[in-house]
There are 2 protein chains.
Amino acid sequence: MLQSTKRAGTRSAILDVAERLVQRRGFNGFSYADVAAELGITRAALHYHFPGKFELGEALIERYAARFTDALAAIDAAGGPASSKLRAYADLYLEVLRDERMCLCGMLAAEHETLSEPMRQIIVGFLDDNDAWLVGVLESGRSDGSLTFTGPPEDLAPMVVGTLEGAMLVARPYGGTARFESVAARLIADLTSGVA
Amino acid sequence: MLQSTKRAGTRSAILDVAERLVQRRGFNGFSYADVAAELGITRAALHYHFPGKFELGEALIERYAARFTDALAAIDAAGGPASSKLRAYADLYLEVLRDERMCLCGMLAAEHETLSEPMRQIIVGFLDDNDAWLVGVLESGRSDGSLTFTGPPEDLAPMVVGTLEGAMLVARPYGGTARFESVAARLIADLTSGVA
DNA sequence: GTCTATAACGAGATAGAC
DNA sequence: GTCTATCTCGTTATAGAC
């Protein structure tokens with residue numbers, strides 16, 4: 001390490017702040033000024049790292065997707081039955097909600113009509129990755145007997161994503177995590193107890 | 001009709017345009033200028049009818065909730081088994097999505113942290129009404145035998161709302177209604193075929 | 001890499017004429 | 001009820017000094 005041992009870097013700090021703001025207020029609900037103020041730097045400095053808001057947005061969702069991919073890999077690495085992987089997946093959502101945030105991807109999905117084409121593509125890719133990972137979990141759950149459901153996993157995976165995203169979306173106006181946890185618990189219970 | 005047989009009135013026209021813009025772009029994704037331009041009037045005229053954007057937002061969600069209540073009453077009036085009422089309920093969402101819109105309430109739920117307190121309260125009231133109506137449908141479905149599920153209807157109703165909202169949210173980046181319809185069909189099938 | 005300064009534009013809002 | 005005109009502020013973005 002020859003340079004910048006000081007900290008994780010301004011760029012990373014910007015992404016951290018912007019990410020939280022987008023998840024709480026939406027992409028159209030925050031500004032460069034918000035981020036700059038929180039970091040104690042100027043807006044001009046932000047433009048050095050990210051020329052425009054859309055570029056920032058792209059970096060945001062890219063990093064988020066990469067981190068999510070890592071989290072899914074960690075779940076896979078932990079092993080165990082598919083049912084516990086599914087639970088761990090739902091817990092990823094819960095952790096976000098605990099911090100009073102919406103899933104970044106869900107938030108951007110709501111605003112997707114106002115986003116740049118590159119941002120939209122990354123979002124769809126992220127959703128596709130979620131579906132694909134879940135399909136794998138559902139398949140292995142059917143094999144190891146920990147999950148029971150009818151029809152192809154490809155049909156069920158989008159429902160799992162949609163249910164968790166929607167539960168999160170609706171839970172936030174109520175505050176707390178109760179409403180989300182109730183729905184997530186039922187979703188998992190239905191899949192583990194031979195339902196659906 | 002002594003006056004203004006010409007049309008439904010400017011106020012109503014403003015609400016129509018603003019509603020569509022919010023549902024497609026979000027509350028923070030449209031401006032008075034957008035609405036004014038589409039109606040061929042000035043921003044000042046908008047301010048005459050709605051002093052501020054939040055007042056417009058309140059009127060928006062209030063009218064939406066009232067219309068939704070009417071739609072639910074119409075479903076009740078049509079009679080039939082609870083299962084078909086549930087299907088009709090899901091179709092309300094589908095109609096919105098067909099017009100490339102997000103549920104107004106779901107969109108505002110995403111942005112709820114940026115809204116006025118009055119708007120937030122109306123949104124929660126709207127969600128509560130949905131839950132309550134669904135609880136009634138679920139109860140009658142258990143009675144008439146058209147719906148089968150475990151646990152109290154009060155626990156299941158939020159899941160139905162969440163699943164439909166989430167399916168809608170995630171479907172929009174993909175365009176079309178296929179992803180939503182697939183999830184809605186499965187949700188209903190699970191409840192009618194003695195699952196969950 | 002961060003700053004000051006400023007440009008250029010858009011947004012919400014108000015006053016007052018018609 | 002709608003207009004023109006104006007105000008104020010916020011937002012994105014750029015130029016150039018340090």
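Reminder, nothing fancy here: chain letters follow the sequence lines and each chain counts from 1.
- A/Asp16 pairs by the side chain to side chain contact (heavy atoms under 4.5 Å, CB included) definition with A/Ser12, A/Arg63, not counting sequence neighbours.
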Got a list of protein N/O to nucleotides 3-7 of chain D N/O distances below 3.5 Å?
from  : atom 1 : to      : atom 2 : distance (Å)
D/dC3 : OP2    : B/Thr42 : N      : 2.7
D/dC3 : OP2    : B/Thr42 : OG1    : 2.8

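- Residue pairs that meet the salt bridge (Lys or Arg N to Asp or Glu O under 4.0 Å) test with at least one member in residues 145-161 of chain A, sequence neighbours left out, do not exist here.
- Contact check of residues 26-39 of chain A against DNA chain D (heavy atom, cut-off under 4.0 Å) returns A/Phe30, A/Ser31, A/Tyr32.
- Legend: ring-ring contact (aromatic ring centres under 6.0 Å, His included) pairs involving residues 90-123 of chain A, not counting sequence neighbours, sorted by first then second residue: A/Tyr89-A/Tyr93.
- For residues 113-122 of chain A, the side-chain hydrogen bond (donor to acceptor under 3.5 Å, both in side chains) pairs, not counting sequence neighbours, are A/Asn28-A/Thr114.
- Here A/Arg67 pairs with A/Glu19 in a salt bridge; the nearest charged N to carboxylate O distance falls below 4.0 Å.
- Distance CZ (A/Arg25) to P (D/dT11): 9 Å, rounded to an integer number of Å.
- Residue pairs meeting the salt bridge (Lys or Arg N to Asp or Glu O under 4.0 Å) criterion with at least one member in residues 127-142 of chain B, sequence neighbours excluded, are A/Arg179-B/Asp131.
- Atom pair A/His47:NE2 and D/dT14:C1' shows a separation of 9 Å (rounding to whole Å applied).
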Throw together a table of side-chain donor-acceptor distances under 3.5 angstrom for residues 43-53 of chain A, partners on residues two or more places apart or in other chains.
from    : atom 1 : to      : atom 2 : distance (Å)
A/His47 : ND1    : A/Pro51 : O      : 2.9
A/Lys53 : NZ     : A/Phe27 : O      : 2.7
A/Lys53 : NZ     : A/Phe30 : O      : 2.9

Taking only distance into account, with no hydrogens and no angle test, what donor-acceptor pairs under 3.5 Å do side-chain atoms of residues 74-88 of chain A form with protein atoms, sequence neighbours excluded?
from    : atom 1 : to       : atom 2 : distance (Å)
A/Asp76 : OD1    : A/Trp133 : NE1    : 3.4
A/Asp76 : OD2    : A/Trp133 : NE1    : 2.9
A/Ser84 : OG     : A/Pro81  : O      : 2.8

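- For residues 25-39 of chain A, the set of pairs meeting the salt bridge (Lys or Arg N to Asp or Glu O under 4.0 Å) definition, not counting sequence neighbours, comprises A/Arg20-A/Glu38.
- Checked against side chain to side chain donor-acceptor pair (under 3.5 Å), B/Glu165 has no partners two or more places apart in sequence or in another chain.
- The stretch residues 48-59 of chain A comes close to DNA chain C through A/Tyr48, A/His49, each having a heavy atom under 4.0 Å from the strand.
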